[in-house]
Amino acid sequence: MVTASGSAQAPAATPFQPAAPQRKRVLLAAPRGYCAGVDRAVLAVEKALEQYGAPVYVRKQIVHNKHVVQTLEERGAVFVEENEEVPEGSIVIFSAHGVAPEVHEQARTRRLRTIDATCPLVTKVHKEAVRFADEGYDILLIGHEGHEEVVGTTGEAPEHIKLVDGPEGVADVEVRDPSRVAWLSQTTLSVDETEQTVAKLRERFPLLIDPPSDDICYATQNRQVAVKRIAPEADLVIVVGSANSSNSVRLVEVALEAGAKAAYLVDRAEEVDPAWLEGVSTVGVTSGASVPEELVTGLLAALAERGYTDVEEVRSAQEKLLFALPHELRRNLKDD
Ligand code: SF4
């Protein structure tokens with residue numbers, strides 16, 4: 001090589017080029033956050049507090065979200081585990097996850113004034129259970145053992161319902177008559193895993209009857225479809241939601257199955273470990289059906305401070321469903 005001065009030189013090293021700055025962006029799944037059942041349940045507690053004043057008792061967490069529960073507690077809601085903790089004659093609200101008939105019966109015995117905030121889509125599953133049981137079927141309820149919704153649905157027909165906790169639970173199921181078997185499911189399961197469970201059940205019980213319509217609710221399905229859209233491009237998916245929220249936990253699993261390199265569940269932005277973001281270019285963000293949008297906004301602000309200012313919303317469905325307030329509250333509101 002000859003330079004302009006004519007002196008010979010050794011071949012030059014590749015000129016130094018600064019690494020292109022890493023493009024940091026956020027893919028924000030939509031729909032995310034509050035579903036119609038959660039919106040109605042939270043509003044029911046707020047309206048009851050307005051209408052009757054504090055304290056208003058709520059049996060179990062009204063929805064599975066720490067922040068929502070704390071906010072309502074600050075406004076005068078008192079969360080209890082069982083009816084026995086509620087003073088006789090007081091108002092008690094039943095949570096969105098539904099209750100067994102015996103819980104209504106206990107409330108009557110204690111002269112409690114009840115407001116039932118069970119999501120109408122959970123009530124639909126209860127009615128299916130009652131109908132199948134009345135027709136003499138054994139019901140294979142796909143769901144997570146101990147989850148409040150499963151406990152409530154099982155209470156509708158305890159003699160007829162057998163819990164199937166995922167594909168691994170299929171082999172152990174015993175029924176009275178294999179020709180009279182139906183399946184139902186919890187509303188917040190993974191759609192894909194439930195399909196696998198049903199396929200295995202059908203291998204064992206070829207005459208298995210399906211529910212009249214999907215038990216996994218529209219909100220659970222839409223949030224799983226939405227996270228599947230963003231996960232393949234994401235180095236990291238952060239799901240905002242509480243650890244006891246079934247649909248939120250499922251979103252983490254679905255994100256990983258759909259190709260996210262990593263996925264974590266956080267209640268709020270402060271729980272994000274900075275180490276998760278090392279070398280991460282694209283962060284996917286979504287939230288469970290019991291999560292208020294302000295928690296997602298907080299997470300986006302925290303990510304922006306770390307350079308993730310480019311936010312693109314990826315929408316896979318529009319949701320317009322709204323449920324009316326529980327009828328007890330509508331009636332009482334009108335009476336005033
Ligand atoms: Fe109802 Fe589905 Fe929301 Fe549960 S997640 S409260 S079933 S709409």
Side-chain angles (χ1 to χ4, degrees), residues 29-47 58-69 72 79 93-100 115-129 141-144 146-156 183-194 211-227 239-254 265 286-293 295-296 316-327 329:
R32 62 181 177 277
Y34 267 22
C35 60
V38 164
D39 197 35
R40 170 182 185 263
V42 173
L43 195 59
V45 180
E46 291 171 349
K47 290 283 181 199
V58 184
R59 184 184 177 277
K60 310 282 186 190
Q61 291 192 349
I62 185 73
V63 298
H64 285 157
N65 185 266
K66 265 192 205 171
H67 175 83
V68 171
V69 168
L72 292 172
F79 290 87
I93 302 178
F94 295 148
S95 79
H97 308 101
V99 295
I115 296 172
D116 188 354
T118 302
C119 175
L121 300 180
V122 174
T123 303
K124 175 183 85 84
V125 181
H126 282 222
K127 287 182 178 161
E128 290 166 358
L141 176 62
I142 304 172
H144 297 302
H147 189 278
E148 281 151 42
E149 184 187 322
V150 164
V151 172
T153 305
T154 304
E156 292 286 357
W183 71 274
L184 298 176
S185 86
Q186 191 179 327
T187 56
T188 50
L189 300 183
S190 151
V191 173
D192 296 338
E193 187 183 281
T194 303
S213 60
D214 281 353
D215 287 341
I216 298 179
C217 75
Y218 80 98
T220 299
Q221 297 197 31
N222 286 348
R223 280 148 193 70
Q224 288 177 17
V225 169
V227 83
V239 178
V240 185
S242 290
N244 63 343
S245 161
S246 172
N247 79 85
S248 303
V249 174
R250 301 290 85 72
L251 288 174
V252 174
E253 295 168 359
V254 170
L265 183 70
T286 188
S287 57
S290 46
V291 176
E293 185 64 7
L295 298 181
V296 174
S316 51
Q318 296 286 348
E319 291 181 345
K320 299 210 168 103
L321 187 64
L322 283 175
F323 293 130
L325 280 171
H327 69 91
L329 204 47

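For ligands, and for the atoms within them, numbers begin at 1 and follow the listed sequence. Note that the numbering runs from 1 along the sequence shown for the chain.
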- Item | Minimum-distance protein heavy atom relative to atom 4 (Fe) of ligand 1 |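 Going atom by atom, the protein heavy atom closest to atom 4 (Fe) of ligand 1 ends up being T187 OG1, 4.0 Å.
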Please list, in number order, the atoms of ligand 1 under 4.0 Å from a heavy atom of [X].
X    : answer
C217 : 2 (Fe), 5 (S), 7 (S), 8 (S)
C119 : 1 (Fe), 6 (S), 7 (S), 8 (S)
C35  : 3 (Fe), 5 (S), 6 (S), 8 (S)

- Message: Is the ring pair H64/H147 parallel, tilted or perpendicular, if the boundaries are 30 and 60 degrees?
- Response: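 Correct class here is perpendicular.
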- Task: Decide, yes or no, whether a salt bridge links E193 with R250 under the criterion of side-chain N to carboxylate O below 4.0 Å.
- Result: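 No salt bridge links E193 with R250.
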- Are any of the side-chain nitrogens in E148 or R59 under 4.0 Å away from the carboxylate oxygens of its partner?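 The answer is no: the pair does not qualify as a salt bridge.
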- Task: Would you give the length of the straight line joining atom CZ of F94 to atom CD1 of I115, rounded to the nearest 0.5 angstrom?
- Result: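 Interatomic distance, F94 CZ to I115 CD1, rounded to 0.5 Å: 10.5 Å.
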